[in-house]
Amino acid sequence: MSSKKRLAAVAAAAALAITAACSAGTTGGSGGNSGGGGDSGSGGAAPYLSFAPCCSWGTTWSNNPYNVNGLGIQNDFITLRLAIQNYPSLTDYTPQLASSWDVKGSELTVHLRQGAKWQDGNPVTSKDVYDTALLDGTRGDGFWNDIIGVKATDDSTVVFTLRKGQPVPLAENDILANILPYPSSVYGKFVTPQLEKDVPTYFQEFQKDPDKAGTMPEFKRMGKVFQSLAAEKVDKLIGDGPFQLDNITTKEAKLSKWSGFWGADKIKIGGIDYGDGNTDTIYPQLFSNTIDFSNVYMPPPILKRWTSTPDAHTPLPLAFGFVLGFNNQKYPFTIKEVRQALAYVIPRQQMSEAAYGTAKGAGGTWKEVNTGISPTMEKLYLPQDKINQLNKYPVDTAKATQLLQSKGFTKKGKQWLMPNGKPFTMTFIVNSQTTDIVTSFHSAATALTAFGIKADVDATSGAQQDADQHNGNFDAGMYFIGGNDSLQMYDGMLGTGNNYSSSGTYAGKRGLGFGPKIDVPGIGTEEIATALDAQARNVAPGPKLQELTWDYAQLVNDQVPYIWYATKVYQFPYSTKKFTNWPPTGKNGSSPLWDIIGANMTGGISLALQQGYIVPK
């Protein structure tokens with residue numbers, strides 16, 4: 001998961017991009033052999049690794065990464081970022097295009113790797129990074145919230161000038177882990193002297209007054225540049241990474257090992273046959289050894305069969321959170337004790353097991369303590385003795401009864417009545433395509449109905465579910481929390497993205513409706529949505545982040561604005577029938593390298609290959 005954030009340019013630029021979208025640079029071809037079938041690629045006899053993650057691209061694609069149909073498969077295989085974040089660390093990176101970096105005063109200086117080349121033979125230089133940074137600004141990439149300018153000081157050095165007060169670790173994350181430089185030979189023509197002035201001028205104003213920045217002529221000119229940039233037809237994808245794109249169809253892309261890559265000698269495969277199938281086509285390919293590796297979700301019956309298949313393995317890094325959020329501005333969910341009572345009734349373990357089963361390696365694992373953040377972040381920022389102080393909310397109908405009665409609720413027969421005498425009922429809204437969440441919510445609704453709160457599930461379209469939750473037209477809804485920063489996780493739920501939106505499509509909508517003013521333990525009263533936005537942008541890893549994490553963990557645990565009921569377990573099924581020396585796993589089913597793959601799949605796999613892992617038998 002990227003920590004890159006989109007800024008005010010997004011709304012206008014995205015609209016322009018959709019208008020300008022075209023099927024640029026589409027190439028045909030057979031797509032090559034499947035299943036590591038021994039195609040020699042660019043001159044060797046090494047077999048190809050058959051890689052089939054679900055649903056990678058559609059029927060229309062573009063070699064232009066700024067196009068709405070840009071090929072995401074180029075990232076890290078064909079086009080490298082400056083560095084790969086060693087998840088879950090917020091400060092540790094493995095160099096890629098950048099060989100090193102340092103900070104002096106307000107300047108982050110990036111030194112590019114000597115000998116790095118583009119696949120057309122040209123060297124990778126600071127101009128490529130400089131031009132990319134400016135063009136990324138036209139679509140609103142988040143690192144521009146960290147800086148006031150960028151310059152190339154020589155052929156291999158780029159200097160980013162940080163805004164006053166910008167925490168260095170957060171800027172490093174946004175810049176090193178999220179900028180993927182593109183060749184100036186293709187995109188540099190869009191970087192005019194006018195754009196070189198407009199981008200920093202706009203973002204310096206945006207950092208002070210986003211609304212005013214959106215009215216500036218610089219913003220309008222940037223939008224026009226992005227419109228032309230996104231519409232540019234790119235006939236050949238020119239990267240700088242370990243693989244090059246030979247051809248692509250709607251079903252398959254062939255990526256051959258590129259001999260000009262600086263670490264080509266460590267990569268032992270001939271290339272990658274990158275599949276574009278859906279889940280139903282991937283399962284039989286796995287069982288027949290037609291493909292070697294995937295990230296496809298395996299429900300309990302498929303997982304059981306896979307675990308009994310010869311040569312089958314499944315690393316299990318933890319990923320994002322499945323969250324049930326309450327409408328905190330709709331009666332009776334406005335009452336803290338009501339939300340606490342619901343937490344005592346809703347069976348989190350049962351919800352998770354209903355959707356994912358109980359086998360090791362199932363798609364989700366239930367979360368016992370509602371801290372509001374992932375188990376991985378808890379290990380980094382919440383000592384166990386503090387977690388032990390929090391309420392686990394075990395299923396306890398007696399405590400739920402006591403809480404409801406304390407607020408004037410009564411039970412008549414099998415039905416709870418609100419203080420106004422009306423039946424207490426509720427509806428869970430969910431995207432009908434997320435069948436695992438539909439199953440989990442049905443489990444919760446069944447338990448509530450048995451307790452006396454008649455509950456049902458409204459499985460609707462994703463667009464309708466999203467709109468209803470942002471508009472505040474719901475009782476309880478579905479959310480996901482991801483990321484690699486504890487404050488960003490809290491901000492994802494309680495910041496302006498989902499709670500009292502202040503910009504974008506749902507500006508002015510209450511969303512989750514928690515607050516807006518809340519008394520936070522250890523902090524005091526704050527406008528929680530905007531305060532968390534600012535804290536997530538400005539608090540670097542260290543004692544302050546740990547302190548705030550504990551403050552918000554206490555808040556979420558006590559106030560229960562949402563319940564993190566399960567954590568997604570990423571399944572990465574692979575076979576050792578044709579390839580050996582896969583990255584190892586530990587007792588928890590993961591490892592530092594698999595954790596990186598879980599957070600950044602293509603980056604982690606590329607890194608594993610660069611380190612000599614995944615070797616043909």
Side-chain angles (χ1 to χ4, degrees), residues 318-330 332-356 364-375 377-378 382 387 390-397 399-400 403-404 424 426-431 434 436-449 451 453 455 457 465 469 474-483 486 489-495 497-499 511-515 518 528 549 552-568:
L318 294 178
F320 53 85
F322 294 105
V323 172
L324 189 163
F326 298 112
N327 185 342
N328 291 260
Q329 283 297 317
K330 182 177 180 181
F333 310 106
T334 51
I335 304 170
K336 178 182 77 170
E337 288 78 4
V338 170
R339 300 192 300 269
Q340 291 176 330
L342 294 174
Y344 276 118
V345 177
I346 291 172
R348 302 184 306 283
Q349 183 175 1
Q350 182 179 311
M351 289 173 68
S352 178
E353 292 178 356
Y356 310 111
T365 180
W366 79 289
K367 196 169 192 304
E368 187 174 16
V369 184
N370 186 33
T371 62
I373 58 174
S374 70
M377 290 297 106
E378 288 172 1
L382 291 178
I387 294 177
L390 301 176
N391 192 340
K392 293 184 178 180
Y393 292 97
V395 173
D396 191 331
T397 55
K399 286 187 177 180
L403 284 164
L404 291 176
F424 183 4
M426 63 182 295
T427 297
F428 295 85
I429 188 171
V430 59
N431 179 346
T434 58
D436 52 346
I437 301 177
V438 173
T439 300
S440 293
F441 279 14
H442 273 296
S443 180
T446 299
L448 286 166
T449 299
F451 175 66
I453 299 172
V457 176
Q465 165 258 327
Q469 289 180 191
F474 72 106
D475 296 336
M478 57 170 281
Y479 299 85
F480 301 106
I481 304 180
S486 55
M489 287 184 175
Y490 290 121
D491 188 48
M493 283 300 295
L494 302 179
N498 282 309
N499 191 38
L512 205 65
F514 185 61
I518 289 290
I528 190 164
T549 299
Y552 285 112
Q554 294 176 86
L555 174 76
V556 171
N557 185 261
D558 177 62
Q559 292 282 334
V560 199
Y562 61 89
I563 298 174
W564 182 312
Y565 65 88
T567 302
K568 171 68 177 174

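Remember, predicted model here, so these are calculated numbers, not experimental data. Nothing fancy with the numbering, it's 1 onward along the sequence.
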Across all chains, not counting sequence neighbours, the side chain to side chain donor-acceptor pair (under 3.5 Å) partners of Thr397 are none

Close side-chain approach of Ile346 and Leu324, heavy atoms under 4.5 Å | yes

Which of Asn328, Val560, Asp475 passes side-chain contact (heavy atoms from CB on, under 4.5 Å) with Phe333? It is Asp475

Minimum side-chain heavy-atom gap Gln469-Ile429 below 4.5 Å = yes

With sequence neighbours left out, the residues meeting side-chain contact (heavy atoms from CB on, under 4.5 Å) with Asn391 are Tyr344, Tyr393, Pro394, Asn557

Quick check: do Thr434 and Phe322 have side-chain heavy atoms less than 4.5 Å from each other? no

When you measure from the side chain of Thr365 to the backbone of Thr567, do you find a donor-acceptor pair of N or O atoms at a distance under 3.5 Å?
no

Closest non-hydrogen contact found for Val430 with Met478 is CG2-SD, 3.4 Å

List the steps, then state whether side chain to side chain contact (heavy atoms under 4.5 Å, CB included) holds for Leu404 with Val338. CA-CA 6 Å; Leu404 291 176; Val338 170; 4.1 Å; yes

Rounding to 0.5 Å, atoms CZ (Phe326) and CD (Gln559) come to a distance of 12.5 Å

If we ignore hydrogens and angles and just use 3.5 Å, is the side chain of Ser440 paired with the main-chain N or O of Met351 as donor and acceptor?
yes

Taken to the nearest 0.5 Å, the spacing of Leu382 CG from Ile373 CD1 works out to 4.5 Å

With sequence neighbours left out, the residues meeting ring-ring contact (aromatic ring centres under 6.0 Å, His included) with Phe514 are none

When rounded to the nearest 0.5 Å, the distance separating CG of Asp491 from CD1 of Ile528 is 9.5 Å

Rounding to 0.5 Å, atoms CG (Leu512) and CZ (Phe474) come to a distance of 5.5 Å

Given the options Tyr552, Trp564, Tyr562, Tyr490 meets ring-ring contact (aromatic ring centres under 6.0 Å, His included) only with Tyr552

Note: Gln350 and Ser443 closest approach over all heavy atoms is NE2-OG, 3.1 Å

Looking only at heavy atoms, the pair that brings Asn499 and Leu494 closest together is ND2-O, 3.1 Å

Shortest non-hydrogen pair, Arg348 vs Glu368, comes out as NH2-O, 2.7 Å

Separation between CG (Asn327) and CZ (Arg339), nearest 0.5 Å, reads 10.5 Å

All heavy atoms of Thr549 vs all of Ser486, minimum pair found to be OG1-OG, 2.7 Å

* Any donor-acceptor pair under 3.5 Å linking the side chain of Gln329 with the backbone of Gly515? -> yes

### Query
Is Asn431 close to Ile437 at the side-chain level, that is, under 4.5 Å between some pair of heavy atoms?
no

Salt bridge (charged side-chain N to carboxylate O under 4.0 Å, His left out) filter on Asp436, not counting sequence neighbours, yields none

Minimal heavy-atom distance between Ala455 and Leu448, with the atoms involved, is CB-CB, 4.0 Å

With sequence neighbours left out, the residues meeting ring-ring contact (aromatic ring centres under 6.0 Å, His included) with Tyr565 are none

In this structure, NE2 of His442 is separated from OG1 of Thr449 (nearest 0.5 Å) by 11.0 Å

Quick note, salt bridge (Lys or Arg N to Asp or Glu O under 4.0 Å) partners involving residues 556-565, not counting sequence neighbours, are Lys336-Asp558

